[in-house]
Protein chains: 2
Amino acid sequence: MARRKDHTHEQIRSLAIEAVLAHLQQAPASDMSLRKLAQQLGYSPGTLINVFGSYDLLLLSVNAHTLDQLAAHLPSADLASTEPTELATLEHTHLRLLALASAYLDFARQHRYQWQLLFDHRLPEDEALPVWQQQRISDLFAQLEALLAACSPRASAGECQRAARTLWASVHGICVLSLSEKLFTSEVDDGPAMLASLIQHYISAWHQAHKEC
Amino acid sequence: MARRKDHTHEQIRSLAIEAVLAHLQQAPASDMSLRKLAQQLGYSPGTLINVFGSYDLLLLSVNAHTLDQLAAHLPSADLASTEPTELATLEHTHLRLLALASAYLDFARQHRYQWQLLFDHRLPEDEALPVWQQQRISDLFAQLEALLAACSPRASAGECQRAARTLWASVHGICVLSLSEKLFTSEVDDGPAMLASLIQHYISAWHQAHKEC
DNA sequence: CACAAAATATGAACACCGTTCAAAATACAC
DNA sequence: GTGTATTTTGAACGGTGTTCATATTTTGTG
């Protein structure tokens, strides 16, 4: 057999990724398989391996797409409409952090299995994770650190970095447990309220600690 | 063939769980399989399925063991040696929460793959998770809520519950990301420092908010 | 002690999985 | 047209968890 040329490799990439994303709207990644996907696309498993290199790399490409989608889902800074004086207030930082965290949780809830794949998929070895992923993540953290720095100018860059990481790891933990229902049993899980509690308390104390005195 | 009676079912359970735990000290659960495990024990795969019901249930039993181990690893309250007056102080609550969180992180680091299995292993359906698991988890949370309640008597039970959950979800998130190295790239991950930052700031603001005024 | 009956470990079989690879079929250059 | 290079394919491989009839051992009974 040979080149059907129904689609270019790039088209096959897109088709495959779209198909996986569609599947992840309704079922976890563990219910998908290379063979099922290939059959659904009308190609053989080997073709997909030719295109992506391996099934693992295919899922990694899906994760790349998810990261872009997630970045687009987070509210952007909108620096134009905010006064520099207002920008530095505790209130503004508080609201913006809450907006970011809420959007993060919202995305996780809306694309549950897609979001889980992002963190469930472990690389074969702990072979360094791709640069694009690294870049997107540090972009997000740069935002957070800038927010904290603007709010509390007396805090050092190192302190801002640690606070940003602490805060986001916490936000992430709340999202994980809010979705997995593994820790908070049966009862209503109130993710938004937990996010609000975390950010309100953490930021307020952080701001207090770095006040000029 | 039939009953060799080298071991009782209960003994096989223990042997299997111990073997999996030993494996998890050095490699993730995905590197283990029912067949490998059976061969290692000198039994057939079918026997293990007879004993445990399925491979999934076998792993669930491992998780049960892990939860017990984890509970034993956390520092106990030691109520006898603390004065009631001291018990209610902010400082005491702060230290105790930090001790609990640090022990949690320590366990996760020391038994990395075992700890990951605890959260990676998803039940077939979201069929209610076992009661024993539910019990142990609520025991931990009862401790946390009691701590918070003792520290801030003016806080309602509902507020204590939310705070306990928020706090522990955050601690969990820090542990997850500290181990996975998926978010904080390449650089030193300072789990303990993040835990300290989280607890110090959150508790201080929480205490402030529920002061009598 | 012998024999029947219950219990149970087994291994072959099944349906999947991701991956490899020689061969076949197409596309392209001349 | 012809020849060559390219690419899809399907069969095969070794792996997975699970099922089940069978063979064997233990147990209960006469």
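All chains are named by letter (A, B, ...) in the order of the sequence lines, taking the proteins before the strands, and each is independently numbered beginning at 1. Only heavy atoms go into these numbers, but all of them, side chains included; no hydrogens, no water, no symmetry mates.
Protein atom CD1 of B:I49 is 15 Å distant from nucleotide atom C1' of C:dA12, rounded to whole Å. Rounded to an integer number of Å, the gap from CG of A:L37 to P of C:dT19 is 13 Å. Between the P atom of D:dG14 and the CG atom of B:L34 lies a distance of 20 Å, rounded to the nearest Å. When rounded to the nearest whole Å, the span between CG of B:L57 and P of D:dG17 equals 14 Å. When rounded to the nearest whole Å, the span between CG of A:L48 and C1' of D:dT9 equals 12 Å. Taking atom OH of residue A:Y55 and atom C1' of nucleotide C:dT20, one finds them 18 Å apart after rounding to whole Å. Taking atom CG of A:D31 as the reference point, atom P of C:dG18 lies 12 Å away to the nearest angstrom. With rounding to whole Å, B:N50 atom CG is found 15 Å from C:dA6 atom C1'.
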Item to complete: For the pair A:R122 and B:D120, evaluate salt bridge (Lys or Arg N to Asp or Glu O under 4.0 Å) and give the outcome as yes or no after the intermediate values.
Response: CA-CA 11 Å; A:R122 309 208 186 291; B:D120 286 353; 2.8 Å; yes
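Comparing C:dT20, C:dT10, D:dG17 by their nearest atom to the side chain of B:Y43 picks out C:dT10. Which of D:dT18, C:dA9, C:dT19 sits closest to the side chain of B:S54 comes down to D:dT18.
Side-chain N/O atoms of B:R35 and base N/O atoms of D:dG17 include a donor-acceptor pair closer than 3.5 Å.
Under the 3.5 Å distance criterion, the side-chain polar atoms of A:S156 are matched with a main-chain donor or acceptor of A:E159.
Note: A:H73 and A:Y104 fail the aromatic proximity criterion, with ring centroids not under 6.0 Å apart.
Counted by atom type alone, B:S197 and A:Y202 present one or more donor-acceptor pairs between their side chains at under 3.5 Å.
Open room surrounds CD on B:Q39; 12 or fewer heavy atoms of other groups in view lie less than 6.0 Å from it.
Here A:T47 reaches the OP1 or OP2 of D:dT9: one of its side-chain N or O atoms lies under 4.0 Å away.
Between A:H9 and B:K36, the residue anchored closer to the 5' end of DNA chain D is A:H9, taking for each the nucleotide with the nearest heavy atom. Nearest-nucleotide positions on DNA chain C place A:S33 closer to the 5' end than the other of A:G53 and A:S33.
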